[in-house]
Amino acid sequence: MSKGTIKKVAGPLVVAGGMRDANMYDVVRVSERRLIGEIIEMHGDEASIQVYEETSGLGPGEPVESTDMPLSVELGPGLIQSIYDGIQRPLDDILKATGTNFLARGVEVPSLKRDVKWHFVPTVSIGEIVEPGDIIGTVQETPIVLHKIMVPVGIRGQVAVINEGDFTVTDVVAKIKTADKVECLTLMQKWPVRRGRPYKDKIPPKQPLITGQRVVDTMFPIARGGVAAVPGPFGSGKTVIQHQLAKWAAADIVVYIGCGERGNEMTDVLNEFPELKDPKTGRSLMERTVLIANTSDMPVAAREASIYTGITIAEYFRDMGYSVALMADSTSRWAEALREMSGRLQEMPGEEGYPAYLGSRLAQFYERAGMVRTLGSEDRIGALSVIGAVSPPGGDISEPVSQATLRIVKVFWSLDSALAYKRHFPAINWLTSYSLYLENMGAWFDENVHEDWMECRNRMMRLLQEEAELQEIVQLVGMDALSAPERLKLEAARSVREDFLHQNSFHEIDTYSSLEKQYRLMKLVLAFYDECAEALKRGADIEALVTLNVREDIGRYKYTEENNLLPAYETVRGQLRVELEELLAKEDK
């Protein structure tokens, strides 16, 4: 164990001497207060340490002790429903230990509770051969989540002992006889956060992650195991979108990382998540959620740790064969922490003072997402989808963090403050957003929903693009300069925007739209356009067409309950035909 002394303190950065035997990324304890830190640079026997706690009051000569272990997380039963800080310290246990709402320095509490017993049910027998990733038993962690206990990486052999019963996370539940020794397995394993957990191979993403949000699923879908970025200025709805995805996305487990967010925003998350009802089970959403709360008033160095801690926990559940959705809010705060630490290390700055390695760090994080074939003798598929919020200053996405992120991710949901000010939510700009998964997943939608799904989607997109061109003409010379077909196009595009893309997150029915409902609504909007265009050719008046009563019924279709979709659809289609026939009959007279 390497021991040294502090030579210099500069904010969250501490330089210690006498650390020749220490290694990069070793966790160290700094001073008599035993503050936790991590070595991020070595020069001879000098180690630069980023300290994850407040360093005020530290001075030269105080002791530094290396644990000779990298920053790791504890993985096992008890993760679900937990609320951790950036370095996986449970906030409720810290409150009990210190008796104060403020994080005390140097407090040491285990990440997983040592006094809770879990009922372990073996799934293998004595004498069976097991390999890394094999499931040896299960624990019913919450009514929703069955926690699968896996053989840790690096252990392969014959099951010598395995017991059913109630155990804490540190009790031995099985013994595996390997080639040279007997390994004791507990319900818990540790994993270094900076190293991605291994798997057999990655599977190309071809299935969408269904979210129930129309602008996402229809226009800019994300793949299961895909990555998306949500950049946008303050007040444009990043947090609401992430809450919606956490609640409604087709994921078994949700990991939510509040990375450097304001304390009041994180408090809202902590208060709201336990109250949110899981639509699949009717129980609390927290019963399949892990929260990592690392607010802006906590030391900046811990922001990087919180990102890695969250994705390592997510990978662990992915390895069980679950579909995991990870929300990181926001990666900009992490990048700001990297900039601060890089400046204190006196590294050569890149654009706008960010370190030159900003892009590679972001890529290392996002590349840990994906749909994979997990380790183990059985064929298990797990998926980890990552949605990262980006908070560019003033909403300017030309800044380095947004641009570095866009080079990596395949889905870009561009939040627009102009749409937010118009109360159009989700405020995703349909002209600047994109999804590179669309081409691969178009076949899935056509095969699993309706054969003309992509054709309808592309027609709506064309209407929106043509509307943008026509609006330029209207602003220059006025509405009277447009022909009747062009007026109709504008009205159809308005219907796409207001009836289809606008979605009320706080409405009990409209908050979620199934794929069938999205398809029916698309067909209604396009039917209005097609049948009115036909009526125009037969001499109908454009003013009468755009004021048809049925338009209101098309707009209200999104409030139809899921068990009444087809009858309501047929009713609106029938009413559209009747009103057009009556209008044409009047014209003929």
Side-chain angles (χ1 to χ4, degrees), residues 210-222 228 230-233 235-245 247-249 279 387 395 411-435 453 456-468 470-471 488-529 546-562 565 568-569 572 576:
I210 306 303
T211 66
Q213 311 307 300
R214 291 187 290 272
V215 67
V216 172
D217 291 343
T218 303
M219 294 300 189
F220 312 109
I222 176 176
V230 195
S236 58
K238 294 187 294 295
T239 304
V240 173
I241 284 177
Q242 291 201 317
H243 284 203
Q244 282 293 92
L245 297 180
K247 184 176 181 181
W248 293 108
I387 295 102
V411 177
F412 171 53
W413 297 322
S414 173
L415 293 177
D416 190 334
S417 56
L419 285 174
Y421 294 149
K422 291 176 187 172
R423 295 293 180 263
H424 178 105
F425 291 104
I428 294 175
N429 187 312
W430 46 87
L431 297 176
T432 53
S433 302
Y434 61 81
S435 170
W453 172 282
C456 292
R457 182 260 174 208
N458 292 337
R459 285 191 62 202
M460 287 207 313
M461 200 69 208
R462 274 198 301 276
L463 279 172
L464 292 169
Q465 289 165 345
E466 288 171 6
E467 179 200 34
L470 291 172
Q471 286 290 6
L488 183 61
K489 261 184 196 170
L490 278 185
E491 289 300 320
R494 182 159 76 90
S495 184
V496 173
R497 286 188 286 107
E498 295 179 2
D499 301 337
F500 188 87
L501 296 182
H502 183 276
Q503 190 166 357
N504 187 347
S505 300
F506 300 99
H507 190 280
E508 58 180 3
I509 295 175
D510 195 33
T511 183
Y512 178 86
S513 277
S514 65
L515 294 184
E516 178 67 21
K517 188 186 213 176
Q518 294 181 43
Y519 174 75
R520 295 285 172 201
L521 189 50
M522 271 198 288
K523 292 293 281 185
L524 284 177
V525 170
L526 292 171
F528 167 76
Y529 176 63
V546 299
T547 54
L548 288 173
N549 293 329
V550 74
R551 291 200 61 186
E552 198 171 319
D553 296 302
I554 293 172
R556 279 203 299 259
Y557 184 78
K558 60 187 175 186
Y559 303 119
T560 305
E561 295 193 358
E562 295 288 340
L565 292 179
Y569 171 78
V572 177
L576 174 62

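Side chains included, hydrogens not; waters and symmetry mates left out as well; all remaining heavy atoms used.
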Practice task
Please tell me if the side chains of K558 and F500 come closer than 4.5 Å, counting only heavy atoms from C-beta onward.
Solution key: no
Practice task
Run the salt-bridge test on E516 and R520 with the 4.0 Å N-O cut-off and return the result as yes or no.
Solution key: yes
Handout entry: Note, V546 side chain near L490 side chain (heavy atom, < 4.5 Å)
Key = no
Problem - Check: W430 main-chain N/O paired with S433 side-chain donor or acceptor under 3.5 Å - result: no
Practice task
Mark yes or no for whether R497, through its side chain, and H502, through its backbone, hold a donor-acceptor pair below 3.5 Å.
Solution key: no
Problem - Non-hydrogen atoms of P233 and S236 that approach each other most closely - result: O-OG, 2.7 Å
Problem - Straight-line distance of L463 CG to K489 NZ, nearest 0.5 Å - result: 7.5 Å
Problem - Qualifying residue for side chain to side chain contact (heavy atoms under 4.5 Å, CB included) with L501, from Q213, M460, M219, R214 - result: M219
Problem - Main-chain N/O of T560 paired with K517 side-chain donor or acceptor, under 3.5 Å - result: yes
Practice task
Please check if the side chain of T511 supplies one atom and the backbone of S505 the other of a donor-acceptor pair under 3.5 Å.
Solution key: yes
Exercise for the section: Go through V496 and L526 one step at a time and tell me if the side-chain contact (heavy atoms from CB on, under 4.5 Å) criterion holds. Expected result: CA-CA 9 Å; V496 173; L526 292 171; 5.9 Å; no
Exercise for the section: Could you tell me whether a side-chain N or O of E562 sits under 3.5 Å from a main-chain N or O of S514, the two making a donor and an acceptor? Expected result: yes
Handout entry: Within-4.5 Å side-chain heavy-atom neighbours: R459 and Y529
Key = yes
Exercise for the section: Using only heavy-atom distances, determine whether the side chains of D499 and S495 contain a donor-acceptor pair under 3.5 Å. Expected result: yes
Problem - Contact check, side chains of F412 and F220, non-hydrogen atoms, under 4.5 Å - result: no
Problem - Backbone N/O of L565 and side chain of Y557: donor-acceptor pair under 3.5 Å - result: yes
Problem - Pair Q518-S513, side chain to side chain donor-acceptor pair (under 3.5 Å): steps then yes or no - result: CA-CA 6 Å; Q518 294 181 43; S513 277; 5.4 Å; no
Handout entry: Main-chain N/O of L431 paired with Q465 side-chain donor or acceptor, under 3.5 Å
Key = no
Handout entry: Flag, side chain of K238 to backbone of V230, donor-acceptor distance under 3.5 Å
Key = no
Exercise for the section: Assess whether atom OH of Y421 is packed by more than 12 heavy atoms of other residues, nucleotides or ligands within 6.0 Å. Expected result: no
Practice task
Examine the side chains of S414 and N429 and answer whether a donor and an acceptor come within less than 3.5 Å of each other.
Solution key: no
Practice task
Please check if the side chain of D217 supplies one atom and the backbone of G212 the other of a donor-acceptor pair under 3.5 Å.
Solution key: yes
Exercise for the section: Measure the shortest side-chain to side-chain distance between P221 and V216 over non-hydrogen atoms and say whether it is less than 4.5 angstrom. Expected result: no
Exercise for the section: Nearest 0.5 Å please: distance from the CG atom of D553 over to the CZ atom of F528. Expected result: 12.0 Å
Practice task
Taking the side chain as every heavy atom from C-beta outward, state whether Q503 and F425 have any pair of such atoms under 4.5 Å apart.
Solution key: no
Fill in the blank from the handout: Closest non-hydrogen atoms of I554 and L521, given as atom of the first, atom of the second and distance, are O-CD1, 3.7 Å
Handout entry: Close side-chain approach of W453 to T218, heavy-atom, < 4.5 Å
Key = yes
Practice task
For residues Q242 and I387, determine if any side-chain heavy atom of one lies less than 4.5 Å from a side-chain heavy atom of the other.
Solution key: yes
Exercise for the section: Apply salt bridge (charged side-chain N to carboxylate O under 4.0 Å, His left out) to R556 and E552, showing your working. Expected result: CA-CA 6 Å; R556 279 203 299 259; E552 198 171 319; 2.8 Å; yes
Practice task
State, to 0.1 Å, how close A492 and V525 come at their nearest heavy-atom pair, and which atoms those are.
Solution key: O-CG1, 4.2 Å
Problem - Ring centers of Y559, H507 separated by less than 6.0 Å - result: yes
Exercise for the section: Decide, yes or no, whether a salt bridge links E467 with R494 under the criterion of side-chain N to carboxylate O below 4.0 Å. Expected result: no
Handout entry: Qualifying residue for side chain to side chain contact (heavy atoms under 4.5 Å, CB included) with I428, from D416, V215, L419
Key = V215
Practice task
Determine, using ring centers only, whether H243 and W248 are less than 6.0 Å apart.
Solution key: no
